[in-house]
Amino acid sequence: MKNILLIATGGTIASRKTQDGLAPSLTPQELLARVPAAREFCRVDTVQAMNLDSTNITPDHWLRLAGIIEENYPRYDGFVLCHGTDTMAYTAAALSYLVRGTRKPIVLTGSQKPIDQEDTDARTNLLDSLRFASAAESGVCIVFEGHVIAGTRAHKTRSKSYNAFTSINFPDLANIRDGRVVRYIPCAQPEEPRFSHTLSRRVMLLKLIPGMPAGVLASMQDRCDGLIIESYGVGGIPDLYLDELDQLVSAGKTVVMSTQVAQEGSDLSVYQVGHRLKERYGLLESYDMTLESTVTKLMWALGQSAVPETIRRLFMTPINYDLLF
Ligand code: ASP
C-alpha cells in the first residue's frame, strides 16, 4: 500500500454555505472521510496547510506548501493537495519550479461544487487524485474531471462546468476513466528532486489594450524587477511604448513578452513590431508557456539570481513540460 500525504488548503472542495456565500471550513480528515474507497489502495495522513479561498493564495503560501512537501518527502510515496480552482494553475506551476525533478506524484485537485453537495464533483476528483498519486510516477500535476494535466500546462477555462481545466499547448499526461489510469505521456523526471526556497514578489503583468496611453510601462518601473507584457497574437509592441521600454531595459528590468491568445504561443520573430524587440532589446518571450507558468517561472528565476544571463538561462530551460520551443 502506498503512503500518501493529503495537504488541505481550502477552496470550494472544503467549503460550506454561509450567510455570505461559500467559505472553506472542512478539515482534511473530513474530506478524507468522504472517500472511504481510498482505504482499499492507500494509507493517508493529513495536514491542514491553510484553509483559504484560493483567491487569497500568495507566493508565501506556495513556499509553505513546497516546504511541507520537502519536509515530508522521504516519508511518503505521493502528495495530494486540495486547493481552490481559481488559482490552482498558479500553485501547480509554482510548485513545478519549487520542486523540480520529482518522480513522486504531487497532485493538485479541487472541485466546482462543495464535497457535501449532492451533485458534487469533489468525491470523484479526490478519489482519482489519491488513485493517481498511488499508481503512477509523475511530477507536479492537476487531476480534475478525469484529466491529468502537467502542473505547468493547466489553465482554468471554465468558471462553472465540471471540466474546469484545459491543458494548454500540450496533451493531457493521462486520463482516469472509471478508476483506471490511461497514461499518454511517460514520466520524464530523471532526477532526485531539487527544492528551491526563494521567489521574487517583484513581478508584474501588463495586459495591452488598444489605445492605452504612453506612460503605462514607465509607471511599472519602481514596482517590479520583472515585467510580463501580455501582447497580441504572436507578439509585438506598439511604437508608442518603445522609449519607455528602452528605459525599463536600461534600468536592468527583465521584460518578457507573452500573448493574450490562449493557444499556440508567441513568436516575436514574425512581425516587425515584434522582431525589433529581440534585435534591439533582447527581450525574453514566453513562447508556448501558459501565463501561469510565465509568471511563476519569472518569480522563481528572479528569486534564484540577479545576473541577467542566469535569469535568461533559467527562464528558457524547459521544466515539467512547460516549454517546447
Ligand atoms: N473561489 C474558489 C477557490 O478558488 C473556487 C473553487 O475552489 O472552485 O477557492
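Ligands are counted one by one from 1 in listed order, and the atoms in each one are counted from 1 as well. Just so you know, these numbers use all the heavy atoms, side chains as well, and skip hydrogens, waters and symmetry mates. The model shown is predicted, which means the values in this text are computed figures rather than measured ones.
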Quiz item: Quick check: does His83 get an N/O under 3.5 Å from an N/O on ligand 1?
Solution: no
Quiz item: Salt bridge between Arg43 and Asp77, side-chain N to carboxylate O under 4.0 Å?
Solution: no
Quiz item: Side chains of His155 and Thr290: do they bring a donor and an acceptor to under 3.5 Å?
Solution: no
Quiz prompt | Side chains of Asn320 and Tyr97, donor plus acceptor under 3.5 Å | solution = no
Exercise. Could you tell me whether Thr85 and ligand 1 have an N or O pair separated by under 3.5 Å?
Key: yes
Exercise. Using distance alone, decide if ligand 1 has a nitrogen or oxygen within less than 3.5 Å of any nitrogen or oxygen in Ser111.
Key: yes
Self-check item: Closest protein heavy atom to atom 1 (N) of ligand 1, given as residue, atom name and distance to 0.1 Å
Solution: Asp86 OD2, 2.8 Å
Exercise. Considering the heavy atoms of Gly11, write down every atom of ligand 1 situated less than 4.0 Å from one of them.
Key: 7 (O), 9 (O)
Quiz prompt | Test item: side-chain donor near acceptor, Thr18 and Asp20, under 3.5 Å | solution = no
Quiz item: Parallel, tilted or perpendicular for Tyr90 and Trp62, by the 30°/60° rule?
Solution: parallel
Practice problem: State whether Tyr73 and Lys104 meet the cation-pi test: NZ (Lys) or CZ (Arg) under 6.0 Å from the six-membered ring centroid, and within 45° of the perpendicular axis. | Solution: yes
Quiz item: Hey, looking at atom 9 (O) of ligand 1, which of Ser54, Gly110, Gly10, Ser15 has the closest heavy atom?
Solution: Ser54
Practice problem: May I ask you to identify the nearest protein heavy atom to atom 6 (C) of ligand 1, giving residue, atom name and distance to one decimal place in Å? | Solution: Thr12 OG1, 2.7 Å
